[in-house]
Structure formats: structure tokens, C-alpha cells
Amino acid sequence: MWFEKTAKMFDAAFISGDRWKLYIKGLGVTLQIAVFAAILGMIIGTIVAFMKLSVKRNGKKTILAVIANIYIDVIRGTPSVLQLMIMWFIIFSGAMNGILVAILSFGVNSGAYVAEIVRAGILAVDKGQMEAGRSLGLSKSQTMISIIIPQAVKNVLPPIGNEFIVLLKETAIVGYVSLTDLTRAANQIASRTYEPFMPLIGAAVIYFVVIKILTILLEKFERRLRKSDNR
Amino acid sequence: MIIVKDLHKTFENNHVLRGVSYHVHQGEKIVIIGPSGSGKSTFLRCLNLLETPTEGQIWFDGINITDPKTDIDKVREHMGMVFQNFNLFNNLTIMQNITLAPVKLKVMGKEEANENALKLLERVGLKEKADVYPSQLSGGQKQRVAIVRSLAMNPRVMLFDEPTSALDPEMVGEVLDVMKGLAETGMTMVVVTHEMGFAREVGSKVLFMDEGVIMEENEPQEFFNRPKSQRLQDFLSKVL
């Protein structure tokens, strides 16, 4: 009977030996890495974006802009799995806390993408806004803070949300450095029960639901921002 | 009040201003006309250093503003500018647009700035729009607010960069009326425009710019009725 067989598979994947706890624990690791890496990425990304936008009086790039460019190039030019392995096996080879190393690695990785998002968001604000601010006697930084950044935040929110979703799923590679996140937990259960269907589909559903919730929250937030200034 | 000495401006390989010298006196209304690409907007934008001149000097009230040591932000507090595309701050209400600079730069307190803004808005007939956002205004209304925003700083001179060029025709009049009213208060004005009627009526001097230089200048009557250079005659025959 197919029903009995399915029930048995379900039992093996989730119920017996309290295996469901392993998914929860794995999801905890996934979320922990994703959330803290996203925060770190946003901090790095914002700083790097302003570094890249900095110009000298004569219109030439500053040394900060050059450094920012190199950082973005290196991060975007190499696979994130490799970056993670380099962090884990070379740079922090003696580290005890794997999750911390993963947060650092994903944060540094995400920062490069966030930097480009933030930079694009600032450049997308019409340059007349800066000119108007300056023509009134406001300094560059005063205009940035009061006029440009509030408008840029609205521009960057959708792509930042997207970046966070990508990051959350990208954490599935931490299995390479022997951290047990949601994906690895499902894989371990699959190899113990010799039934990959239920654990893998189960993990996929969990990712999907988490991201769906996140998407709804982001949409709500975005709508609220737009309403607040009637654009 | 504003003295310009041999001003040059080059973009890449494009020599836009080729030696402009001029003296704007207090209370004058200088109207600048000319074909597109003549450098008239660039000239105006050099006056408050939105464009950095490649060569030459600009003096404002005895201060050499082209000197890198001059605090240009301080100078700009006294020079209002109105743009073709209004450039109202999209993230702020009309009231906040007007009071931001005076309060931030400590020209006046918040209360005083609010009162002053309402008074100025009333003068241009937009008092009831104080709490809406720029996106809810028509082009003509936006430009009137932009003029008020500059006036809120109590500037000594107002620069207008084609203030009616981005407007629907039926809205040009309301903006020109505000500018005429402002001229009557004795404000020093430098106006780049295509509105020949305004130049004739309000201008104390009209300048014709072409190929990066001031080709001709005169009082409005003489300027329009007896243009001297061939270029100006051609230009006027096309636009009038």
C-alpha cells in the first residue's frame, strides 16, 4: 500500500528517534549564520559603498575607492564555497567556533554585493537633489544625510531583500566545513535511513516557508516606506 | 556685487566658456538669452560654483569665491538658485523643503523658519500646500515652491536657470508672475531664459550669449529693437 509506505518514510524521516529536532537545530544554525552575516554584510557594504563613491577635489579616485574596488572584485570573482573554505582551513584554521567563522565569511562575501546595491541606490537619486541642497548652502554631508540617503534607502530596499534571500540559501554550503545546518542535517538523516525523498523535500519546504515569510515582511515594510512620503 | 573676470570652462574637450567678463550691480535684473549650447547655463552655474571654472575669477561682495580657500557653503547661503527641473526634495514636505536649510544652517530657529515659510507661501498663493509632498504639486506649483525655498535663506541675489523651460505652457505665467513680483522688491536677479517677453519687461540688462562669450549686451529696448550683431539679429528673427 502506498499510504503505508509513505507513512513509514515520514516516520523514519521525522518522527523516530526525535529526528525532527535535528531539522530544527539545523534551521537554527542556518538562521543564525544568515542573520548575523546579513547584518555584518550591510555594515561592510555601506562603508565600502561610500569608499567607492569618494572622489578627490580634482575628480580623481581616492585610495579608499581603489581599495573598495579591489575588495569587490576579489569577492565577486571567486566562489563563495572557496572563500568559506579558505576562511575555515587557512585563515582561521585553529578556530573553535565554526559558526562565527561562517558568519564572518558570509558577511564579508555579502558586503561586496551590498556595496554595489547601496552605491547604485545612491547614484539613482537625481543629481539635482544634491545640487539643490548645495545651492542652499548645505554641505555635502548635510545634504547626504537629510536628502540623499533617505531617498536611497527606498531605492535599495528591494535588492537588499533579494540579497538576504540569496544569502540565506547560500548558507547551505557550510556543510563543506562540517557545520550542521538545515541542508546537512537533512542529508545526514537521508544517509542514515536510505530514504532521501522525505528529508530532502522536507528541508526544501522549510527553506521555502522561511523565505516566503521573509518576502511578505519585506513587502509590508516597503509599502509602509512608500506610503510615508506619497511617492 | 558679482564681478566675473575672464571666465573659462572646459568639459573634456569641449570649451564651453571662452572668456566671459561681467559686472552685476546690486538690484539689477540681468537676463541672459542665447541658443542652446551657448554656455549661458554653464555661466550661471559657475556663479555659485556648481560648476568649477577652469580659469578666471568670480568675486561676490568682495570675496573671491573661485579661491579654493573660500568656504563656498557660506557664500551659497547668500545666493539663491532656481533650477529648470525644480529639484524640490522628494522626501520632504513643502514646509520641510523650505525650512531645512535655514534651520540646519542656523539662520533662524524652527519656529521663526516655519512662520517665515508660511508667509512666503502665502505670497505665492500656496499656503494650503505646506504639508503635502512635492509629487502632489503641478510643475508651476513646484517651481513657485522652489523660489520660496531659496528666498527663505534671505539671499542677496537670485539665480534662475531656465525656470520655465520644463513647464507646461499654461503654467509659465504663474511662475513669471512670481518672478516679476520678486523683481519689484528690488532683488538682484540673474535669469537665464527663453521668455523674451520677460526679458523685455523685467530686465535691466539683456545679454546675448553665443559660442561661450557675451556677444551683445544692452538695455531691453535697444537690445530687441536695434540688435547690432548679425548673430543676434538672426537669433531674434527666429524666436520672436
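Atom set for the values below is all heavy atoms of this structure, side chains included, hydrogens, waters and symmetry mates excluded. Protein chains get the first letters and strands the later ones, always in sequence-line order, with residue 1 at the start of each.
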Heavy-atom neighbours of A:Phe221 CZ exceed 12 at 6.0 Å: no

Validation row: A:Ile147, B:Leu92 side chains within 4.5 angstrom (heavy atoms): yes

Top contributor to chain A interface from B:Gln96, B:Lys74, B:Arg149 [non-hydrogen pairs under 4.5 Å]: B:Arg149

B:Leu49, part contacting chain A, at a heavy-atom distance under 4.5 Å: neither

Atom pair OG1/CG of A:Thr143 and B:Asp73 - distance to nearest 0.5 Å: 8.0 Å

Whether over 12 other heavy atoms sit under 6.0 Å from B:Glu111 CD: no

A:Phe36 atom CZ, neighbour heavy-atom count above 12 within 6.0 Å: no

Region of B:Phe83 in contact with chain A, defined by heavy-atom distances below 4.5 Å: side chain

Chain A interface, residue from B:Leu105, B:Asn85, B:Leu100 that has the most non-hydrogen pairs under 4.5 Å: B:Leu105

Proximity of residues 132-142 of chain A to chain B, residues having a non-hydrogen atom under 4.5 angstrom: A:Ala132, A:Gly133, A:Arg134, A:Ser135, A:Leu136, A:Gly137, A:Leu138, A:Ser139, A:Gln142

Heavy-atom proximity to chain A below 4.5 Å, by part of B:Pro155: neither

Set of residues satisfying ring-ring contact (aromatic ring centres under 6.0 Å, His included) with respect to A:Tyr23, sequence neighbours excluded: A:Phe14

Separation of B:Asn87 CG from A:Gln129 CD (nearest 0.5 Å): 6.0 Å

B:Asn48 portion near chain A, given a 4.5 angstrom heavy-atom threshold: side chain

B:Phe11 atom CZ: more than 12 heavy-atom contacts under 6.0 Å: yes

Toward chain A, the part of B:Met153 with a non-hydrogen atom under 4.5 Å: side chain

Beyond-backbone contact of B:Met81 with A:Glu131, side-chain heavy atoms, under 4.5 angstrom: no

